[in-house]
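Computed from heavy atoms alone, side chains included, the values below leave out hydrogens, waters and symmetry copies.
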Amino acid sequence: MPSNRITCRERSPLTPERCPPQNPEFFSEFDKKYPPDAFGEAASPNARVWRVYRDRVTELDEDLLDGWHRTLDVLLIFLGLFSAVATAFIIESSKRFQLDYGEITAKGVVALLAQSNASFAPPPLPSLDHVDVSTRALWINGFWFASLTLALLDALFAILAKQWLVEYVSKQRQPAADAQRWAWRHYAFRQGPDNWGIGAFISFLSVLLYWSLYFFLFGLLVFLFELDPRMCAAAIGLTAIAGAVHVASILLPLWFGDCPTTT
């Protein structure tokens, strides 16, 4: 049976150069991957434009999501190690808020010896009702507990963000009746991360990590000052240099567009 389909050369007999070549050897890689639509089907639900859109936005989504996942993975690894280190310091420093029973026992023994020997006065026994905590100990524990709290909250938010990204991918991978409906569904869901600020939220998690780290360093400086002011001075110098580099890496891209230190 003869076909009623009108070819391109029949539509444009005077300009055959505008028609695609008939020999498949002359097709471009793009035409081989996305064959041209038949006449009158350029706006069909499975037209080439929708198939091209699906593949292109899928590649863009994969690149964007891969960057977000890598950022969250680095944050979670660092937060796990940092929380372990901060916890070790807090366990040691929190002992200042507890009664030192070894000191109480030693002073009690000295008091008993003093009663048996009237040659010297017994030392005053420490109070068992409350613990005298120095101001420096309060600052140290305050900084370190704040640091650990921010680190744990940061880890919680990072896990939530990864779950949001997984949910977004699962929605995009659901089957659709045709390429056109997939494109419209993708456009609707793709506005979600932008409208709800998912990218800004993930960037804020890095800022929260910086705050946690600096709080820990402030507590460490107070702790070192109590041990040895010279050690504290050296640590202050190193912290100041690191802080200056960090601030410079944030501000330099604002004046120099080719600066690669944007965070």
Check whether [X] and [Y] end up in the same hydrophobic cluster, where Ile, Leu, Val, Met, Phe, Trp and Tyr are linked by side-chain heavy atoms less than 4.5 Å apart.
| X | Y | answer |
| --- | --- | --- |
| Leu252 | Val247 | yes |
| Leu217 | Val245 | no |
| Trp164 | Leu79 | yes |
| Val169 | Val57 | no |
| Ile236 | Phe89 | no |

Any donor-acceptor pair under 3.5 Å linking the side chain of [X] with the backbone of [Y]?
| X | Y | result |
| --- | --- | --- |
| Arg136 | Phe223 | no |
| Ser93 | Asn141 | no |
| Ser147 | Ser212 | yes |
| Ser170 | Glu167 | yes |

Compare every heavy atom of [Y] with every heavy atom of [X], then report the nearest pair and how far apart it is.
| X | Y | value |
| --- | --- | --- |
| Phe216 | Trp144 | O-NE1, 3.1 Å |
| Thr87 | Ser83 | OG1-O, 2.6 Å |
| Ile202 | Ala161 | CG1-CB, 4.4 Å |
| Ala235 | Leu224 | CB-CD1, 3.6 Å |
| Asp154 | Leu205 | OD2-O, 2.9 Å |
| Trp182 | Gln174 | CD1-O, 4.3 Å |

Item to complete: For the pair Asp194 and Arg190, find out whether any cationic side-chain nitrogen is under 4.0 Å from an anionic carboxylate oxygen.
Response: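 Result for this pair is yes, salt bridge flagged.
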
Worksheet item: Any salt bridge between Arg181 and Asp178, counting N to O under 4.0 Å?
Response: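 Yes, Arg181 and Asp178 are salt-bridged.
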
Parallel, tilted or perpendicular, judged at 30° and 60°: which one describes the rings of [X] and [Y]?
| X | Y | result |
| --- | --- | --- |
| His246 | Tyr214 | parallel |
| Trp50 | Tyr53 | perpendicular |
| Phe82 | Phe78 | parallel |

Practice prompt. Could you please spell out the steps behind the side chain to side chain contact (heavy atoms under 4.5 Å, CB included) verdict for His186 and Asp61?
Written response: CA-CA 10 Å; His186 173 272; Asp61 279 354; 2.7 Å; yes

Discussion item. Run Arg51 and Asp55 through side chain to side chain contact (heavy atoms under 4.5 Å, CB included) and show every step you take.
Written reply: CA-CA 6 Å; Arg51 289 182 278 119; Asp55 292 346; 5.5 Å; no

Rounded to the nearest 0.5 Å, what separation is found between the [atom1] atom of [X] and the [atom2] atom of [Y]?
| X | Y | atom1 | atom2 | answer |
| --- | --- | --- | --- | --- |
| Leu156 | Leu208 | CG | CG | 10.5 Å |
| Glu226 | Ile140 | CD | CD1 | 4.5 Å |
| Cys232 | Leu220 | SG | CG | 8.5 Å |
| Phe145 | Ile90 | CZ | CD1 | 5.0 Å |
| Arg185 | Lys171 | CZ | NZ | 11.0 Å |
| Ile198 | Leu65 | CD1 | CG | 11.0 Å |

Practice prompt. Taking the six-membered ring for Trp and the single ring otherwise, decide whether the centroids of Phe218 and Trp139 are under 6.0 Å apart.
Written response: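 Centroid separation for Phe218 and Trp139: 6.0 Å or greater.
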
Worksheet item: Take atom CZ in Phe143; do more than 12 heavy atoms of anything else shown fall under 6.0 Å from it?
Response: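 Result for CZ/Phe143: enclosed.
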
Discussion item. So if I apply the side-chain contact (heavy atoms from CB on, under 4.5 Å) rule between Leu72 and each of Leu165, Ile159, Ile77, which one comes out positive?
Written reply: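 That would be Leu165; it is the only one of Leu165, Ile159, Ile77 passing the side-chain contact (heavy atoms from CB on, under 4.5 Å) with Leu72.
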
Worksheet item: Can you list the steps and then say if Asp66 with Arg70 is a salt bridge (charged side-chain N to carboxylate O under 4.0 Å, His left out)?
Response: CA-CA 6 Å; Asp66 182 67; Arg70 287 177 180 270; 2.9 Å; yes

Item to complete: Test side chain to side chain contact (heavy atoms under 4.5 Å, CB included) on Lys162 and Leu76 and set out the steps.
Response: CA-CA 11 Å; Lys162 288 185 71 70; Leu76 288 173; 3.8 Å; yes

